[in-house]
Amino acid sequence: MSSGLQSAADEARSSRQHGAPRAGEGARDVLRLTDVSVSFHNRASSLVAVESLAFGVPENQVVALLGPSGCGKSTTLRLIAGLQTFEKGRFETAFAARAGSAFGGISMMFQSPALLDWKTVEQNVELPLKIKGVRRKEAAPLVENLLDIVGLSDFARRRPYELSGGMQQRVALARALVTEPALLLLDEPFGALDAITRDEMCVEVERVTRGRSMTTILVTHSISEAIFLADRILVMAARPGRIIEDLAVPLGHPRHLDDRTSEAARSLEVSLLSALAPR
Ligand SMILES: Nc1ncnc2c1ncn2[C@@H]1O[C@H](COP(=O)(O)OP(=O)(O)OP(=O)(O)O)[C@@H](O)[C@H]1O
């Protein structure tokens with residue numbers, strides 16, 4: 001894998017495909033892909049999953065990767081997480097766990113909360129800290145604080161199977177945030193939830209992630225989720241997977257669900273629908 005952990009402080013800016021000035025413009029890029037392609041091969045055939053990806057992400061920006069099934073969103077996210085090899089192009093990131101520290105680095109959250117059913121809610125949230133050798137005495141107040149933030153203090157001693165799907169995702173969110181990640185990767189985190197719980201989770205994520213020093217990449221099929229959560233939306237198309245639009249979200253913070261019906265949001269929605277329309 002040619003992924004290089006290099007300083008993103010050099011001056012070159014990422015290339016942009018289209019669009020309005022993006023949120024975070026002027027901040028340094030902490031992540032950059034230059035002409036990156038990923039293919040999957042088997043004996044009979046090869047498939048180009050993503051081709052010539054080129055974008056940079058400034059520090060603290062929330063970027064949504066939006067597109068139809070199979071356009072390479074998860075492949076791109078896995079690549080950014082360092083879980084996917086690539087044969088062509090360059091990937092630079094300034095993220096790494098702070099040397100000798102359990103904090104910083106990358107956290108991921110998936111469609112399935114992937115909690116350990118035999119552990120309590122607080123033990124699940126504590127797990128990443130425990131793995132990194134943080135003592136219980138230091139971890140306990142952090143876990144308590146995050147459970148409070150996601151509204152689950154009263155459920156700290158419960159097991160995950162006693163919670164609703166939305167509550168389980170809130171546990172997963174607390175677990176993802178407990179290490180104070182510099183980069184948060186969200187892969188369709190609300191895809192399995194009903195529409196009302198999805199909206200609640202969007203509000204929750206917006207609330208708990210704002211004000212943190214954290215860059216976030218969100219993979220989603222949902223236009224309204226992308227508009228509500230992101231500062232910038234990269235629209236992807238399939239066959240081969242590629243970025244076809246790079247649009248800033250013209251909404252301030254904090255956001256409210258009603259903001260999705262504002263004129264600015266509706267106009268962005270029209271642009272996104274047009275970009276996503278089958279050609
Ligand atoms: N491990 C793999 N081996 C072979 N092909 C793969 C592999 N992973 C992904 N692909 C293919 O790469 C393409 C992009 O897949 P990817 O999962 O990144 O898309 P996606 O946009 O995240 O889709 P979805 O929204 O359905 O999750 C698809 O055609 C998929 O079949």
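When a ligand or atom number is given, it counts from 1 through the structure's own listing order. In this text the structure is predicted, and so the values were computed from the model without any measurement. Sequential numbering from 1 along the given sequence is applied to the chain's residues.
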Which residue owns the protein heavy atom closest to atom 26 (O) of ligand 1, what's the atom, and how far is it? Ser69 OG, 2.5 Å
Can you tell me the protein heavy atom closest to atom 29 (O) of ligand 1 and the distance? Leu47 CD2, 3.7 Å
Quick test of your reading of the structure: of Ser74, Pro240, Gly70, whose heavy atom lies closest to atom 14 (C) of ligand 1? Gly70
Whether Ala238 lies under 4.0 Å from ligand 1, heavy atom: no
Within a radius of less than 6.0 Å around CZ of Arg239, do more than 12 heavy atoms belonging to other residues, nucleotides or ligands occur? no
Do the side chain of Glu59 and the main chain of Arg28 share a donor and acceptor less than 3.5 angstrom apart? no
Who's the nearest protein heavy-atom neighbour of atom 9 (C) of ligand 1, and how far? Phe40 CE1, 3.5 Å
Could an N or O of ligand 1 be found under 3.5 Å from any N or O of Cys71, whether backbone or side chain? yes
Is it the case that atom CG in Leu273 sees more than 12 heavy atoms from other parts of the structure closer than 6.0 Å? yes
Is ligand 1 less than 4.0 angstrom away from at least one heavy atom of Gly72? yes
For Pro68, the ligand 1 atoms whose distance to one of its heavy atoms is below 4.0 Å: 21 (O)
Heavy-atom pairs closer than 4.0 Å: do any link ligand 1 to the side chain of Arg78, the backbone, both, or neither? side chain
Could you tell me whether atom 31 (O) of ligand 1 has a protein heavy atom closer than 4.0 Å? no
For Glu144, does the CD atom have more than 12 heavy-atom neighbours from other residues, nucleotides or ligands under 6.0 Å away? no
Which bit of His221 is near ligand 1, meaning a heavy atom under 4.0 Å away: side chain, backbone, both or neither? side chain
Quick check on Glu188 - does any of its heavy atoms sit under 4.0 Å from an atom of ligand 1? no
Start with the C-alpha gap between Phe91 and Leu31, add the side-chain angles, then the distance that decides, and say whether side chain to side chain contact (heavy atoms under 4.5 Å, CB included) holds. CA-CA 8 Å; Phe91 170 48; Leu31 188 154; 4.1 Å; yes
Does the pair Glu126 and Arg136 meet the rule for a salt bridge (charged side-chain N to carboxylate O under 4.0 Å, His left out), with working shown? CA-CA 8 Å; Glu126 186 197 353; Arg136 172 146 291 170; 2.9 Å; yes
Run the numbers on Val50 and Met236 for side chain to side chain contact (heavy atoms under 4.5 Å, CB included), then give the verdict. CA-CA 9 Å; Val50 289; Met236 297 184 72; 4.0 Å; yes
Nearest option to atom 16 (P) of ligand 1, as decided by whichever heavy atom of Asn42, Leu66, Thr75 sits closest: Thr75
Can you check whether Ser267's main-chain N or O pairs, donor with acceptor, with Ser271's side chain at less than 3.5 Å? yes
Could you point out which residue of Arg159, Arg175, Arg157, Arg158 forms a salt bridge (charged side-chain N to carboxylate O under 4.0 Å, His left out) with Glu122? Arg157
